[in-house]
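Step one of this worksheet: look at the structure below.
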Amino acid sequence: MNFELVAASNNSRARAGVLTTDHGKIETPIFMPVGTAGTVKGIHTRDIKDDIQAQIILGNTYHLYLRPGMDVIEKAGGLHKFNLWDRPLLTDSGGYQVFSLGDIRKLSEAGAKFQSHIDGSYHQFTPESVVDIQRTIGADIMMAFDECTPGGADYDYAKKSLELTQRWLDRCFAQFNKTGPKYGYNQSLFPIVQGSTFAGLRKIAAANVKTFDADGYAIGGLSVGEKEEVMYEMTELVTADLPENKPRYLMGVGTPVNILESIDRGIDMFDCAMPTRNGRNGMLFTSEGTINIRNKKWENDHSPIDVNGASFVDLYSKAYLRHLIISNEMLGAQIASQHNLAFYLWLVKTARRKIIEGSFSGWKNEMVPKFKQRL
RNA sequence: GGGGAGUUUCCAGAGUGGCUAAAUGGGGUAGACUGUAAAUCUAUUGGCGACGCCUUCGGUGGUUCGAAUCCAUCACUCCCCA
């Protein structure tokens with residue numbers, strides 16, 4: 001894997017780059033649609049590629065391990081073959097599930113013991129097994145197994161949590177170096193910077209992560225309940241310490257505004273469930289601002305979803321989409337998800353162009369108040 | 001013609017003397033959602049000069065300290081048998 005910077009903003013830390021993998025190039029900054037269970041919910045692979053123009057999508061270790069299971073994925077020849085996605089793929093390690101599954105998981109030095117949310121059965125993840133699983137899935141970018149420290153954690157908890165993540169990271173890389181890809185193309189392993197909202201811990205985490213000569217570095221444990229200013233502050237702090245010549249991935253972020261602000265602070269990669277999940281639930285991110293399509297005010301608004309037209313679905317009217325969502329028609333969730341993802345990809349693509357043209361900051365300052373609007 | 005069941009707040013449907021502006025579901029309205037246990041969850045849904053008052057349980061008239069709940073009567077709906 002190779003990362004090349006092609007442009008940098010002269011009055012901010014924003015950069016544009018190209019990340020090259022065996023499944024193709026990724027132009028950064030990039031947004032990666034979340035495809036937890038081997039599917040970007042509701043969207044055909046064809047539309048993810050041709051309409052949304054995603055360059056890389058996610059899969060999830062925990063979810064794919066439980067269902068369909070590694071036996072099926074391996075026999076399919078990896079997730080790329082299984083879901084017909086032939087561009088780069090990144091898998092999350094299950095670290096987020098360590099956080100989100102809350103009381104049906106137990107942490108220990110060895111790893112995390114989970115109870116399946118599907119049938120209640122017990123499973124153990126270790127840094128080693130999580131690397132093995134991601135080898136089997138065949139992700140171009142695999143993520144280290146970490147504890148996504150819960151928002152609001154106190155210093156002692158955050159410190160212990162970070163130290164556990166760091167010990168797990170050693171084991172992840174040991175396993176990574178001991179094993180090889182299964183399907184003939186290269187895989188990379190990204191470490192994750194934790195440290196909660198404590199500047200000191202974040203600094204320690206960034207320094208530690210740099211001791212591994214990784215192909216890219218992630219920042220995790222943000223957007224978990226802390227104030228946005230704190231998230232930006234932590235992001236800025238960490239990107240200042242990470243190597244310039246490697247991509248930085250801010251995990252789980254965020255809103256369109258979050259993304260622009262984070263690009264401004266030197267982030268290259270993003271993922272978030274928001275465009276799909278919120279889309280299914282009736283929230284649309286548009287070039288004019290955010291709308292709740294279920295609101296009565298759209299009942300007779302026959303104008304296009306978004307005049308920006310990042311996707312063909314934008315031609316459908318707000319009134320029609322409102323009708324579909326309110327009637328619980330499947331197509332409603334699909335259109336909303338597809339629109340939101342296309343908008344997100346348009347957003348990062350435009351940000352990239354502005355960085356290259358040298359006008360990112362001005363453009364960002366113009367866009368942020370627009371995107372903050374509730375229509 | 002004979003016998004039976006019923007009429008409750010937007011809808012369906014509980015409730016059969018005070019704890020009932022009235023369960024629950026649907027529908028409506030609004031909100032939430034950030035490495036997806038989420039096509040999910042939450043709030044609200046008679047009126048008002050709102051920690052109180054007023055009007056609601058087919059109509060009318062009673063019984064009672066007190067009625068959606070008991071009695072009488074009228075109206076309408078449905079089912080079964082002729």
Side-chain angles (χ1 to χ4, degrees), chain A residues 31-43 56-64 66-67 90-105 114-120 130 134 139 141-151 165 190-194 218-228 231-232 235 249-259 261-262 267 269-285 290-299 322 324-337 340 344 374:
Chain A
F31 178 80
M32 310 181 280
V34 174
T36 308
T39 158
V40 176
K41 293 187 193 301
I43 317 289
I56 170 172
I57 64 172
L58 299 210
N60 183 277
T61 299
Y62 167 81
H63 290 277
L64 291 167
L66 285 183
R67 217 162 44 184
L90 180 151
T91 42
D92 186 32
S93 61
Y96 188 73
Q97 280 65 42
V98 170
F99 155 74
S100 70
L101 259 32
D103 49 341
I104 55 172
R105 130 256 112 154
F114 289 97
Q115 221 178 331
S116 160
H117 69 282
I118 300 161
D119 63 6
V130 157
Q134 294 181 94
I141 300 172
M142 326 193 321
M143 299 306 300
F145 192 51
D146 65 337
E147 182 192 4
C148 178
T149 311
T165 290
F190 284 18
I192 303 169
V193 172
Q194 290 290 340
I219 304 173
L222 291 177
S223 65
V224 287
E226 78 284 1
K227 287 207 164 82
E228 293 200 336
M231 173 171 85
Y232 296 144
T235 300
Y249 163 29
L250 180 55
M251 305 184 78
V253 174
T255 64
V257 171
N258 290 162
I259 287 174
E261 293 294 1
S262 303
I267 297 293
M269 303 165 73
F270 301 90
D271 80 284
C272 192
M274 195 174 262
T276 39
R277 182 196 286 157
N278 289 32
R280 282 196 301 282
N281 295 331
M283 187 177 203
L284 264 49
F285 300 97
T290 303
I291 75 181
N292 182 344
I293 199 65
R294 293 188 329 229
N295 289 173
K296 193 176 184 64
K297 63 198 287 193
W298 309 113
E299 187 175 36
R322 175 176 194 268
L324 293 179
I325 296 260
I326 279 185
S327 310
N328 226 313
E329 286 290 338
M330 288 184 282
L331 186 60
Q334 293 178 318
I335 290 174
S337 299
N340 280 347
Y344 268 61
R374 290 296 292 255

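Here is how names work: the chains are called A, B, and so on, in the same order as the sequence lines, proteins then strands, and each is numbered from 1. Because the structure is a prediction, the values reported are computed rather than measured.
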Leu250(A): which of Ser262(A), Ser223(A), Cys272(A) passes side chain to side chain contact (heavy atoms under 4.5 Å, CB included): Ser262(A)
message: By nearest heavy atom, map Ala333(A) and Gly282(A) onto RNA chain B; which one lands nearer the 5' end?
response: Gly282(A)
Donor-acceptor pair under 3.5 Å, Asp146(A) side chain vs G35(B) base: yes
query: NA contact type, Met283(A), heavy-atom cut-off 4.0 Å: base, sugar-phosphate, or nothing?
result: base
query: How would you label the contact of Glu226(A) with the nucleic acid (heavy atoms, under 4.0 Å): base, sugar-phosphate, or nothing?
result: nothing
query: What does G27(B) pair with, Watson-Crick or G-U, if both distances are under 3.5 Å?
result: U45(B)
field: Polar side chain donor-acceptor pair, Gln134(A) to Thr91(A), under 3.5 angstrom
entry: yes
query: With a 4.0 Å cut-off on heavy atoms, is Asn60(A) in touch with a base, just the backbone sugar-phosphate, or nothing at all?
result: sugar-phosphate
- prompt: Between Tyr96(A) and Asp146(A), does any side-chain donor sit less than 3.5 Å from a side-chain acceptor?
  reply: no
- prompt: What nucleic acid atoms does Glu228(A) come within less than 4.0 Å of, heavy atoms only: base, sugar-phosphate, or nothing?
  reply: base
field: Gap between atoms CZ and P, on Arg277(A) and A39(B) respectively (whole Å)
entry: 8 Å
message: Measuring from atom CD of Gln97(A) to atom CD1 of Ile104(A), what distance do you get when rounded to the nearest 0.5 angstrom?
response: 10.0 Å
task: Would you classify Gly332(A) as touching base, sugar-phosphate or nothing, given that sugar-phosphate means primed atoms plus P, OP1 and OP2, and contacts are heavy atoms under 4.0 Å?
output: nothing
- prompt: For the base of U36(B), is there a side-chain donor-acceptor partner from Thr276(A) under 3.5 Å away?
  reply: yes
task: Once you apply the 3.5 Å cut-off to both distances, tell me the Watson-Crick or G-U wobble partner of U40(B), or none.
output: A32(B)
field: Under-3.5 Å donor-acceptor pair between Arg294(A) side chain and G28(B) base
entry: no
field: Of the listed nucleotides A39(B), C33(B), U34(B), the one nearest the side chain of Asn328(A)
entry: A39(B)
- request: Indicate, with a heavy-atom threshold strictly under 4.0 Å, whether Arg67(A) touches base, sugar-phosphate, or nothing.
  value: nothing
query: So what does Asp271(A) touch, heavy atoms closer than 4.0 Å: a base, only the sugar-phosphate, or nothing?
result: sugar-phosphate
